Amino acid sequence: MTKRITILGSTGSIGESTLDLVRRAAPDELQVVALTANSNAKKLAEQAIEFDAEFVALADSNNADTLKNALSTTKTEIGIGPEALIEAANRQADFCMAAIIGAAGLQPTLAAIDQGNHVGLANKECLVCAGDLFMKRVADRGATLLPVDSEHNAIFQVLEIDKPEGIRRLILTASGGPFRETPMNKLLSVTRKDALAHPVWEMGAKISIDSATLMNKGLELIEASYLFNRPSAEIDIVVHPQSIIHSMVEYIDGSVLAQLGSPDMRTPIAYAMGWPNRMHAPVERLDFSKLNGLTFFEPDTTKFKALRLAREALEAGGKAPCVLNAANEVAVKAFLQEKIAFLDIPRVVEGALNKHASRSCFGTSPCEIDEIITTDTEARNTAHEQIVSL
Ligand code: NDP
């Protein structure tokens with residue numbers, strides 16, 4: 001039977017990798033229902049034409065004419081504005097890939113969950129900013145959440161989910177990013193270009209910077225806690241520069257189960273899209289005779305303060321993860337615009353967390369979407385104030 005696929009964020013790195021798998025699948029295996037982008041109308045139109053999409057949504061209305069002109073001779077329906085993303089997610093599909101970057105993906109992803117179908121979750125930020133609400137919604141609507149982040153996908157593959165009492169801890173692996181061996185004093189002057197040059201993974205700009213600060217691993221820690229219902233104390237992080245082991249689960253009998261593979265996002269995407277079956281992915285196969293050793297280190301949370309801040313936010317609970325995420329989004333954007341230095345990113349996040357902690361002690365976890373939006377907006381404002389005061 002043909003599987004109907006929607007991709008939220010189709011013009012991004014995960015979106016394009018997902019479409020690459022669709023392109024290589026048998027003609028009647030996968031059919032594209034809806035695709036979405038923020039502002040890249042040209043790429044969205046090209047994708048719509050190549051994959052004969054039923055519907056496309058562009059969040060930013062400034063480029064609407066480009067999209068409309070490019071698709072004027074096709075049958076593809078067009079939606080413009082943030083509400084069009086919700087319409088894309090509402091379209092009947094068997095699988096929805098949630099691959100918008102940042103908290104902007106929250107409402108469209110929740111709309112996809114409301115359909116009660118399979119949702120591939122790449123957008124970790126929406127789980128970080130709304131964890132309890134998000135997981136409750138998945139349970140209430142009977143949706144199936146399939147982790148796409150390679151670490152969480154690895155854990156999903158080896159986790160005995162129906163026997164939680166046998167699990168001792170989850171172990172997330174981290175590549176360590178481009179500055180793993182850079183001394184602290186040199187981090188003061190690293191550039192945007194240095195930070196974007198990830199040694200292993202090719203990714204969008206925001207997650208590349210998050211990987212350089214190790215905030216990405218911090219967001220993943222929070223993501224793992226919500227996805228697999230484990231407290232911070234039962235989730236460890238280990239630096240593994242080769243990125244061959246994508247994560248592990250330790251059981252109470254001492255067994256450790258790991259998922260391995262070449263560092264290529266098409267493996268976890270294929271796993272999520274094909275689930276519960278396996279589908280072919282054109283990734284480089286592992287040749288164990290050529291692997292020059294797998295190494296592991298403790299992460300340095302003095303040098304990479306963002307990772308410590310994320311763990312503290314998870315342990316503080318309530319609104320803290322939402323504040324952390326929002327402040328980080330603002331700080332990363334400012335760094336990408338070359339308005340702040342690399343080490344200012346965790347400084348801005350820490351400042352925002354401190355300000356919100358003193359105001360509200362983070363309170364309880366937000367369980368209404370309005371509360372999340374308010375917290376997110378306030379934290380962004382605080383982060384902007386922090387940037388001005390640097
Ligand atoms: P990209 O920046 O490459 O792509 C982001 C996508 O989201 C694009 O389609 C972009 O549209 C769209 N978008 C951006 N802002 C908005 C907005 N305000 N409203 C609606 N759509 C928007 O990101 P990635 O593909 O790298 O990452 C996507 C998600 O997947 C992130 O949450 C990331 O953490 C996660 N992830 C990514 C991995 C990777 O290898 N890239 C690995 C694991 C997780 P446009 O092109 O028009 O700007």
Side-chain angles (χ1 to χ4, degrees), residues 6-20 34-48 56-64 66-67 79-89 97-109 111 119-129 146-154 172-175 177 196 198 200-211 213 215-220 222-224 227 243 246-247 262-269 271-272 283 325-326 328-330 332-333 336 376 380:
T6 283
I7 306 172
L8 306 173
S10 63
T11 50
S13 161
I14 293 287
E16 291 207 281
S17 294
T18 308
L19 284 173
D20 184 59
L35 301 173
T36 82
N38 183 35
S39 57
N40 196 341
K42 186 168 174 285
K43 196 188 276 184
L44 185 62
E46 285 165 6
Q47 292 177 340
V56 290
L58 189 70
D60 180 355
S61 58
N62 288 324
N63 295 346
T66 309
L67 184 66
I80 304 293
E83 59 293 340
L85 302 184
I86 310 280
E87 190 184 340
M97 172 60 78
I100 292 173
I101 189 95
L106 178 61
Q107 305 224 43
T109 304
V119 176
L121 185 71
N123 180 341
K124 66 196 87 183
E125 294 93 343
C126 67
L127 190 53
V128 171
C129 74
L146 297 153
V148 170
D149 226 344
S150 59
E151 297 76 3
H152 306 75
N153 184 269
L172 297 175
T173 54
S175 72
L196 284 172
H198 196 280
V200 184
W201 298 95
E202 269 183 44
M203 308 179 287
K206 194 259 178 184
I207 185 176
S208 296
I209 304 303
D210 284 345
S211 298
T213 60
M215 179 59 91
N216 184 48
K217 212 46 58 181
L219 298 176
E220 288 178 7
I222 300 172
E223 181 186 12
L227 273 178
S243 296
H246 297 303
S247 278
S262 293
D264 187 324
M265 284 309 294
R266 289 176 299 181
T267 295
I269 293 169
Y271 185 87
V283 302
N325 178 67
N328 182 57
E329 286 193 31
V330 170
V332 170
K333 190 169 177 191
L336 284 168
D376 179 270
R380 281 170 202 269

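Both ligands and their constituent atoms are indexed starting at 1 by order of listing. Model, not experiment: these values are computed from the prediction. We use all heavy atoms of the structure for the numbers below, so side chains are in, but hydrogens, waters and symmetry mates are not.
- With ligand atoms numbered from 1 in the order given, ligand 1 contributes 8 (C), 9 (O), 10 (C), 11 (O), 45 (P), 46 (O), 47 (O) to contacts under 4.0 Å with heavy atoms of T11.
- To the nearest 0.5 Å, atoms CG (N38) and OG1 (T11) are separated by 8.0 Å.
- The distance from ligand 1 to the heavy atoms of N40 drops below 4.0 Å at these ligand atoms: 46 (O), 47 (O).
- If you check which protein heavy atom lies closest to atom 27 (O) of ligand 1, you get I101 CD1, 3.8 Å.
- Looking at ligand 1, you won't find any N or O of S150 less than 3.5 Å from one of its N or O atoms.
- At the top of the distance list for atom 3 (O) of ligand 1, counting protein heavy atoms only, stands S13 N, 2.9 Å.
- Of the possible polar contacts, one joining the D60 side chain to the N62 backbone as a donor-acceptor pair under 3.5 Å is found.
- More than 12 heavy atoms of other residues, nucleotides or ligands sit less than 6.0 Å from atom CD of E46.
- Under 4.0 Å is where a charged nitrogen must lie from a carboxylate oxygen, and between E220 and K217 at least one such pair does.
- Of all the listed residues (G102, A122, P268), A122 holds the heavy atom that lies closest to atom 30 (O) of ligand 1.
- Here the side chain of S262 pairs no donor or acceptor atom with the backbone of D264 at under 3.5 angstrom.
- Each of the following atoms of ligand 1 lies closer than 4.0 Å to a heavy atom of M265: 40 (O), 42 (C), 43 (C).
- The proximity of A104 to ligand 1, defined as any non-hydrogen pair under 4.0 Å, is limited to the side chain.
- Applying the side-chain contact (heavy atoms from CB on, under 4.5 Å) test between M97 and each of I269, V119, T6 identifies I269 as the sole match.
- Considering backbone and side-chain atoms together, A37 places no N or O closer than 3.5 Å to any N or O of ligand 1.
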Check your understanding: Please walk me through it: do E223 and E151 pass side-chain contact (heavy atoms from CB on, under 4.5 Å)?
Key -> CA-CA 10 Å; E223 181 186 12; E151 297 76 3; over 6 Å; no

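- The nearest heavy-atom contact from the protein to atom 4 (O) of ligand 1 is G12 CA, 3.1 Å.
- For atom 34 (O) of ligand 1, the nearest protein heavy atom (residue, atom name, distance) is K124 CE, 3.1 Å.
- Residue G204 approaches ligand 1 through these ligand atoms, each under 4.0 Å from one of its heavy atoms: 3 (O), 26 (O), 41 (N).
- Only one option out of I14, V283, N153 pairs with M265 in a side-chain contact (heavy atoms from CB on, under 4.5 Å); it is I14.
- When hydrogens are left out, the protein atom nearest atom 11 (O) of ligand 1 is N38 N, 3.0 Å; that is the closest non-hydrogen contact.
- The ligand atoms of ligand 1 that sit less than 4.0 angstrom from a heavy atom of E125 are 31 (C), 32 (O), 34 (O).
- At least one N/O-N/O distance between I14 and ligand 1 falls below 3.5 Å.
- Among all non-hydrogen protein atoms, the one lying nearest atom 28 (C) of ligand 1 is A99 O, 3.4 Å.
- For ligand 1, the polar-atom distance check against N216 finds no nitrogen or oxygen pair separated by under 3.5 Å.
- For N123 (side chain) and G102 (main-chain N/O), a donor-acceptor pair under 3.5 Å exists by modelled atom type.
- In this structure, K124 contributes its side chain and L219 its backbone to no donor-acceptor pair below 3.5 Å.
- Remark: ligand 1 atoms within the under-4.0 Å shell around heavy atoms of D149 are 43 (C), 44 (C).
- Remark: E83 pairs with no residue by the salt bridge (charged side-chain N to carboxylate O under 4.0 Å, His left out) rule, at least two apart or across chains.
- For atom 36 (N) of ligand 1, the closest non-hydrogen atom of the protein is I207 CD1, 3.6 Å.
- Within the 4.0 Å heavy-atom criterion, both parts of I100, backbone and side chain, lie near ligand 1.
- Polar contact with ligand 1: absent for M203 (N/O pair, distance under 3.5 Å).
- Remark: the backbone N or O of A326 is not paired with any side-chain donor or acceptor of D376 at under 3.5 angstrom.
- The closest donor-acceptor contact from the side chain of D149 to the backbone of H152 lies at 3.5 Å or more, if one exists at all.
- Residues L121 and P147 are not in side-chain contact: their nearest non-hydrogen atoms beyond the backbone lie 4.5 Å or more apart.
- Considering backbone and side-chain N/O of T36, none are found under 3.5 Å from N/O of ligand 1.
- Here L85 has side-chain heavy atoms under 4.0 Å from ligand 1, and that is the only part of it that gets that close.
- Within ligand 1, the atoms closer than 4.0 Å to a non-hydrogen atom of S39 are 45 (P), 47 (O), numbered from 1 in the order shown.
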